[in-house]
Amino acid sequence: MAKIDFGGVIEDVITREEFPVEKAREVLKDETIAVIGYGVQGPAQSLNMKDNGFNVIIGQAPEFKEDWDKAVRDGWVPGETLFPVEEAAEKGTIVMYLVSDAAQRALWPTIKPHLKEGDALYFSHGFSITYKEQTGVIPPENIDVILVAPKGSGTSVRANFLAGTGINSSYAVFQDYTGRAEERAIALGIAIGSGYLFPTTFEKEVYSDLTGERGVLMGALAGIMEAQYKVLREHGHSPSEAFNETVEELTQSLIRLVDQNGMDWMYANCSATAQRGALDWRHRFREAVLPVFEELYESVKSGKETERVLEATGRPDYKEQLEKELKEMRESELWKAGAAVRKLRPGNN
């Protein structure tokens with residue numbers, strides 16, 4: 001492992017230089033990797049492994065025709081590398097459980113009987129294992145239980161791989177039956193094209209992930225944008241001006257500078273007026289939202305968020321209710337303005 005200084009805290013990380021893909025192939029040379037689910041993470045991780053020369057098969061329910069047909073279009077061959085879920089799980093020595101959290105609970109009685117002694121059960125999210133009393137996903141004791149969690153969407157995992165970079169991933173071992181669980185996890189992290197790997201636990205992965213999704217990555221970001229847009233519109237600014245100052249400048253300019261050079265560099269390279277105001281107001285925003293984040297983290301840790309997710313996604317009308325909520329967002333003035341602005345970008349009109 002390489003020791004890296006993260007702002008004064010030394011962490012161990014694994015890079016592709018010290019654990020190259022050739023080493024991963026040697027570790028996994030006798031494994032059949034069965035990827036269960038071809039929805040969000042399944043396509044990216046399986047295609048990356050296939051391109052990297054690993055023995056991969058897909059398990060997908062044929063009745064979910066859209067995902068089955070997508071797998072076929074992506075080059076997986078029915079009866080050779082594409083199978084119904086149970087058949088793929090039986091063939092696999094590593095079962096990558098990449099269906100949704102709700103589907104993992106529903107599908108578990110089907111998967112569990114096909115896990116043989118010495119197999120590895122792989123997750124990309126700590127949800128089902130951390131909240132096993134609620135999900136019922138309790139693995140047998142004679143298998144490895146491991147995790148590799150890319151810090152990005154499936155689309156990004158694939159795009160970054162094709163670009164020759166990679167999405168950073170965390171990895172963890174919940175159960176080491178064979179004595180090879182950590183080595184298997186690291187090899188799989190390299191196989192799917194991770195930029196670098198850092199250790200975690202199933203609990204820490206899911207606590208940070210659920211907090212991040214509900215917070216900065218999605219929930220807080222959307223809420224802050226809606227609030228600023230509303231204030232600007234109520235004070236007479238046009239939709240175009242309000243959207244550009246709220247969303248467009250962030251996504252098309254500033255966040256890219258933060259990505260490339262850090263927040264301090266972006267501040268240093270803005271106007272003095274923007275710089276001074278941002279430095280002053282960031283403390284007000286931090287103190288305002290800190291209690292909300294503390295409440296959010298406790299809700300995640302206590303299992304309240306899990307209860308809410310499982311209850312909501314388990315309803316027969318969940319997809320219809322979800323579409324209503326997304327439609328409300330899509331048809332709001334803020335995101336209608338966004339659609340208009342995107343069409344006006346050079347090359348889009």
Side-chain angles (χ1 to χ4, degrees), residues 33-37 39-42 45 59 61 85-86 88-90 92-151 154 169-186 188-189 192 197-215 296-316 318:
I33 304 167
V35 175
I36 307 300
V40 180
Q41 283 287 339
Q45 294 195 33
V85 167
E86 288 189 72
E90 182 65 32
T93 59
I94 296 174
V95 175
M96 297 178 72
Y97 206 20
L98 297 183
V99 295
S100 70
D101 294 326
Q104 285 184 12
R105 178 175 66 161
L107 199 57
W108 180 241
T110 300
I111 295 294
K112 187 176 180 179
H114 298 285
L115 296 171
K116 305 169 288 297
E117 182 176 3
D119 283 356
L121 178 62
Y122 167 111
F123 295 86
S124 280
H125 193 18
F127 188 96
S128 289
I129 294 295
T130 299
Y131 302 112
K132 55 187 180 294
E133 289 78 13
Q134 291 166 277
T135 64
V137 178
I138 301 175
E141 295 180 355
N142 63 350
I143 65 169
D144 293 340
V145 182
I146 58 180
L147 171 146
V148 176
K151 300 298 109 181
S169 303
S170 60
Y171 76 95
V173 174
F174 176 77
Q175 186 168 285
D176 185 4
Y177 175 76
T178 66
R180 297 177 53 239
E182 184 175 31
E183 186 179 50
R184 279 169 139 178
I186 294 170
L188 288 163
I192 67 170
L197 294 156
F198 60 94
T200 187
T201 66
F202 274 66
E203 279 190 349
K204 287 180 179 176
E205 191 284 328
V206 75
Y207 292 170
S208 61
D209 190 74
L210 294 187
T211 299
E213 290 168 347
R214 285 151 179 74
L296 167 57
Y297 192 86
E298 286 305 312
S299 183
V300 168
K301 188 175 180 180
S302 70
K304 288 181 182 178
E305 290 300 305
T306 303
E307 183 180 348
R308 163 68 180 150
V309 167
L310 293 174
E311 188 272 331
T313 57
R315 293 175 187 164
Y318 175 68

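All figures in this text were calculated on a predicted structure; none of them were measured in a lab. Computation of the quantities below employed the complete heavy-atom set of this structure, encompassing side-chain atoms and omitting hydrogens, waters and symmetry-equivalent molecules.
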| field | Expected output: side-chain T130 to main-chain F202 donor-acceptor under 3.5 Å | value | yes
| query | Between the side chains of E305 and S299, does any donor sit under 3.5 Å from an acceptor? | reply | yes
| Out of curiosity, F174 CZ to T201 OG1, how far, rounded to the nearest 0.5 Å? | 10.5 Å
| message | Checking side-chain contact (heavy atoms from CB on, under 4.5 Å) between Y122 and each of L98, I33, I36, L147, which is the one that passes? | response | L98
| message | If I take atom CZ from residue F198 and atom OG1 from residue T200, how far apart are they, to the nearest 0.5 angstrom? | response | 6.5 Å
| For the atom pair NZ (K301) and CG (L296), what is the distance rounded to the nearest 0.5 Å? | 13.5 Å
| request: Look at the side chain of S208 and the backbone N and O of E205, then say whether any donor-acceptor pair between them is shorter than 3.5 Å. | output: yes
| query | Just by distance, do the side chain of Q175 and the backbone of I143 share a donor-acceptor pair under 3.5 Å? | reply | yes
| query | Are any non-hydrogen side-chain atoms of P113 and E90 less than 4.5 angstrom apart? | reply | no
| Is there a side-chain contact between K151 and S169, using heavy atoms and a 4.5 Å cut-off? | no
| request: Considering non-hydrogen atoms only, spot the tightest contact between K116 and A89 and give its length. | output: NZ-O, 3.9 Å
| field | Residue pair V145 / F123, side-chain heavy-atom distance below 4.5 Å | value | yes
| request: Give the minimum heavy-atom separation between T313 and V309, together with the two atoms involved. | output: OG1-O, 2.6 Å
| field | Minimum heavy-atom distance T135-S128, with the two atoms named | value | OG1-O, 2.8 Å
| field | Atom CD of E213 with >12 non-hydrogen neighbours under 6.0 angstrom | value | yes
| Would D119 and T93 count as having a side-chain donor-acceptor pair, cut-off 3.5 Å? | no
| query | What are the two closest heavy atoms between G189 and L197, and how far apart are they? | reply | CA-CD2, 3.9 Å
| note | dist Q134:CD -> E307:CD (nearest 0.5 Å) comes out at 6.5 Å
| message | Can you tell me how the ring of Y131 sits relative to the ring of Y207, calling it parallel under 30°, perpendicular over 60° and tilted otherwise? | response | tilted
| Hey, is D144 close enough to R180 for a salt bridge, meaning N to O under 4.0 Å? | no
| remark: For G92 and A34, the nearest pair of non-hydrogen atoms, with its separation, is CA-CB, 3.9 Å
| Any side-chain heavy atom of Q104 sitting closer than 4.5 Å to one from Y97? | yes
| said: Could you measure the distance from the CG atom of D209 to the NZ atom of K204? Nearest 0.5 Å is fine. | reply: 15.5 Å
| message | Please evaluate residues L310 and R105 with respect to the criterion side-chain contact (heavy atoms from CB on, under 4.5 Å), reporting the C-alpha separation (whole Å), side-chain torsions for both, the decisive distance (0.1 Å), and the verdict. | response | CA-CA 9 Å; L310 293 174; R105 178 175 66 161; 4.0 Å; yes
| Inter-residue atom distance E183.CD - I146.CD1, 0.5 Å rounding | 11.0 Å
| query | Just by distance, with hydrogens left out, do S124 and Q41 show a side-chain donor and acceptor under 3.5 Å apart? | reply | no
| field | Cationic N near anionic O, under 4.0 Å, R308 to E311 | value | yes
| request: Write down the atom of A88, the atom of G59, and the distance for their closest heavy-atom approach. | output: CB-CA, 3.4 Å
